[in-house]
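Heads up: the structure comes next, in structure tokens.
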Amino acid sequence: MERLKIAIQRSGRLCSESLKIIRNCGIEFTSPERILKEKADNFPIEFLYVRDDDIPFFIKDNVADIGIVGSNEFLESGLDLKIVRDLGFAKCRLSIAVPKGFEYKNLKSLEGKRIATSYPNILKKVLKEAEVKASFVKITGSVEITPAIGISDVICDLVSTGTTLTMNGLTEVEPIYYSSAVMIANSEMAPEKKEILDRLLLRIDAVSLAKNNKYVMFNLPEKHLEQVASIVGGVKSPTITKLMEKGWLSVQLVVSEDKFWEVFEKLKELGAQGILVTPIEKMTL
Ligand code: PRT
Ligand code: ZN
């Protein structure tokens, strides 16, 4: 049987969330611990557990068909692959950070400086566009210590909370790229593999749509029905059932997570009672 090969980070920040997404799609497999390859039990997919930096290159060389990486890694690789989904986790930014006493105004302040980074390709492109000439020191770990030991003047590194920078006496002065985990794929894929990928994406979309929506049920005075219809943008019009008590309806609808509290408050204002909110497991439009 043809299997779609997916490269997943073996250990690190991306690993468990990547596997969780696949598991939430109902795909069963045993454990990623210390094995290189694994086949799913109930879906034509095979896992390859590797270092994240290698994932774009493995896809390019057809060792894997798809993979999950930070978009920063993908961009840095410079490879011609397709981003098929932004998975929205492992969000971070690639930022310029400077030590105390360094006067930073804008990218021009980096003219002639030595910049330590793990992402020289992304940085070079940004500086080229800003017409700034600088030199680059490629460092793969602990970039944040390099100004203190005299290897660099400033750094360009990934930041999420900013704690690492602060602890090393550095100040974040300019984000140059915003990253999140993405699913990437070879731009040329055999039709059978493409079909498996489409099945996988359908499931991923159903799970993420469900995660971003809530199912809301409540009782409402009949006279306010029109107003409810205008404040909620459900999947389709709300489902309405008449209650035994005259003048009252039971209403069921889907509300997106980001609008939930706003809708909730308006429903209260309209006299809604017994509001019941439940998560949705899977959903399609
Ligand atoms: O071993 P392998 O090569 O597979 O893993 P890795 O060590 O290269 O990568 P890993 O697991 O650290 O990160 C994988 C991906 O997670 C990155 O490519 C980013 O897309 C994403 N990500 C999200 C981050 C961070 N947040 C992050 N904070 N990657 C790294 N960091 C580091 C940063 O480099 C700095 O050292 O965490 C430190 C800063 O964190 P704060 O919270 O103190 O700002
Ligand atoms: Zn890595």
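These numbers come from the heavy atoms of this one structure, side chains and all, not from hydrogens, waters or symmetry mates. Atoms within each ligand, like the ligands themselves, are counted from 1 in listed order.
- Salt bridge status for Glu195 with Arg199: absent, with no side-chain N to carboxylate O gap under 4.0 Å.
- With values rounded to the nearest 0.5 angstrom, Ile8 atom CD1 is found 7.0 Å from Met183 atom CE.
- The 12-atom threshold is not exceeded at NZ of Lys39, counting heavy atoms of other residues, nucleotides or ligands nearer than 6.0 Å.
- With a heavy-atom cut-off of 4.0 Å, Gln9 touches ligand 1 through its side chain alone.
- Remark: ligand 1 and Arg13 share an N or O pair separated by less than 3.5 Å (distance only, no angle test).
- Which of Arg10, Arg51, Arg93 comes nearest to atom 3 (O) of ligand 1 through a heavy atom is settled by distance: it is Arg51.
- Val69 is connected to Ile83 through a chain of hydrophobic side-chain contacts under 4.5 Å among Ile, Leu, Val, Met, Phe, Trp and Tyr, so both are in one cluster.
- How far CG of Asn24 is from CG of Leu19: 11.0 Å, rounded to the nearest 0.5 Å.
- Near Asn72, meaning under 4.0 Å from any of its heavy atoms, are these atoms of ligand 1: 17 (C), 18 (O), 19 (C), 20 (O).
- Residue Asp157 touches ligand 1 through its side chain alone, judged by heavy-atom distances below 4.0 Å.
- Contacts between Leu158 and ligand 1, counted as non-hydrogen atom pairs separated by less than 4.0 Å, involve both the backbone and the side chain.
- The atom of Asp53 nearest to the Zn ion (ligand 2) is OD1, with the search restricted to N, O or S atoms.
- Put simply, Asp52 gets within reach of the Zn ion (ligand 2), with an N, O or S atom under 2.8 Å from it.
- In summary, the atoms of ligand 1 found under 4.0 Å from a heavy atom of Thr161, numbered by their order in the structure, are 41 (P), 42 (O), 43 (O), 44 (O).
- The protein does not reach atom 7 (O) of ligand 1 closely, with no heavy atom under 4.0 angstrom from it.
- The nearest protein atom to atom 26 (N) of ligand 1, hydrogens excluded, is given as Cys92 CB, 3.4 Å; this is a heavy-atom distance.
- Stacking of Lys124 on the aromatic ring of Phe136 is recorded, both the 6.0 Å distance cut-off and the 45° axial limit being met.
- Both the backbone and the side chain of Ser160 come within 4.0 Å of ligand 1, judged by heavy-atom distances.
- Taking the ring axis of Phe29 as reference, the NZ or CZ atom of Arg23 stays within 45° of it and closer than 6.0 Å to the ring centre.
- Under the 4.0 Å criterion applied to side-chain N and carboxylate O atoms, Glu172 and Arg93 are assigned as salt-bridge partners.
- In terms of polar-atom proximity, defined here as any N/O pair under 3.5 Å, Leu14 makes no such contact with ligand 1.
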